[in-house]
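Let me begin by presenting the structure, written as structure tokens, before commenting on it.
These numbers come from the heavy atoms of this one structure, side chains and all, not from hydrogens, waters or symmetry mates. Keep in mind that what you see is a predicted model, and the values were worked out from it rather than measured. Counting convention: from 1, in listed order, for ligands and their atoms alike.
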Amino acid sequence: MTVDLLIRAATLADGRRDIDIAIDDGVIVAIGPRLDIEAARVIDAGGDLVTPPLIDSHLHLDSTLSLGLPRRNESGTLLEGIALWGELKPHLTIEAIYERARRLCLWSIAQGIGAIRSHVDICDDRLLAVEALTALRAEMAPFITIQLVAFPQDGYRRYERAAENLARALAMGLDVVGGIPHFERTMDEGAASVRDLMALAAARGLMVDMHCDESDDPQSRHIETLAAETIRHGMQGRVAGSHLTSLHSMDNYYASKLIPLIAEAGVSAIANPLINITLQGRHDTYPKRRGMTRVPELMAAGVNVAFGHDCVMDPWYPLGSHDMLEVAGMGLHVAQMTGVAGMRACFDAVTVNAAAAMGLSDYGIAVGRPAHLVVFDAGDPIEAIRLRAARRLVLRAGAIIAEAPAQRSLVMVGGESRTVDFRQPH
Ligand code: FE2
């Protein structure tokens, strides 16, 4: 048997070492130690980590790389960010949105990201971002999977044409129903928006991903309605709550009732550590709340928890290079998940858990799955996070679509030159 490609001596995320992966016609055809298979091309991983791609389950492609347009967010708050986005919207063009998002996608591919779920603001009656990003989704499909969420940024009930626009956006091909209940005018309106949007998604057979309770207000409890509606509509496994930061500020008794409800509903929780640590706690003096949702407690209860990047150089966040390892690193710091199991779980939050939140059915290293793979300059997932390790090779359906040199420095000390690689000595 001769296959197209054989990757030798890989270390897998689950700790298996010296594993060969055979790929033919873009698909994984065999996995095992020292496979006796001929290949047209052989890549020696040399014991480095090989995983399925990183996944960003929460991003805003329509605002990405717009930093400074028309001005910077000096307070750094969520509300100034939303106001700033409102100032930018009238000046947007399809071409500008497309070009910025396309540039970001090239960064994403270089960073080993295989899929992005992007929220798309539909509270612009021209729906320029919908047009731009559906075209980009098609162009990028061979290289990166893009899911688009119809996101009523200004409120589904609060913005008068949101319902009409959301229906138009879904007709134009958006994949997922979004929402922002904590931004509606009242708690009642927020809960009503959740019920409206869940009914709409259930009727159309669509997945749901709502910005939910992105607030420090412990009374912001829309996740409860979202979970209950998920059960009522039988949509377990197809719904995500993004942010859920109010859970950080709720009292422990209420959290002890709510977290099992989220688990029962099979609702994924998508935290955004880079953004939550900068946007939350803004009304506090000291002590200042971290604001990220209760990641280890949700995981312990069996909830699928993913981490998203959320923003890259836009009205809400001035930094970032779309590196999901940076996201995992921030998540483990904020959640204080520095034990071995905790750090590995944070790698899962930007890989397998994020894929589950997006409903990606062909994700993972297994026979019969597409050969979407990343070879890291690291020996295991924890080292990958620690080093934000170079993505030496990024493969899509068995083809190399990005490569980067390993990180090495030459140090001249005491009359000798030594190469430093920052790797854990064995
Ligand atoms: Fe977001």
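- You'll find the ring centres of His182 and His222 outside the 6.0 Å limit.
- Classification of the Phe347-Phe376 ring pair by plane angle, with boundaries at 30° and 60°, yields perpendicular.
- Checked by atom type and distance alone, the side chain of Glu297 never pairs as donor or acceptor with a backbone atom of Ile259 at under 3.5 Å.
- Annotation: protein N, O or S atoms under 2.8 Å of the Fe ion (ligand 1) (waters excluded) comprise His58 NE2, His60 NE2, His211 NE2, Asp310 OD1.
- A side-chain donor from one of Ser321 and Gln111 sits under 3.5 Å from a side-chain acceptor of the other.
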**OP:** Output, in order, the C-alpha distance, side-chain angles, deciding distance and verdict of side-chain hydrogen bond (donor to acceptor under 3.5 Å, both in side chains) for Arg396 and Thr145.
**Re:** CA-CA 11 Å; Arg396 180 84 171 181; Thr145 302; 2.9 Å; yes

**OP:** Take His58 and Ser242 through the side-chain hydrogen bond (donor to acceptor under 3.5 Å, both in side chains) test and state the conclusion after the steps.
**Re:** CA-CA 8 Å; His58 189 115; Ser242 283; 2.8 Å; yes

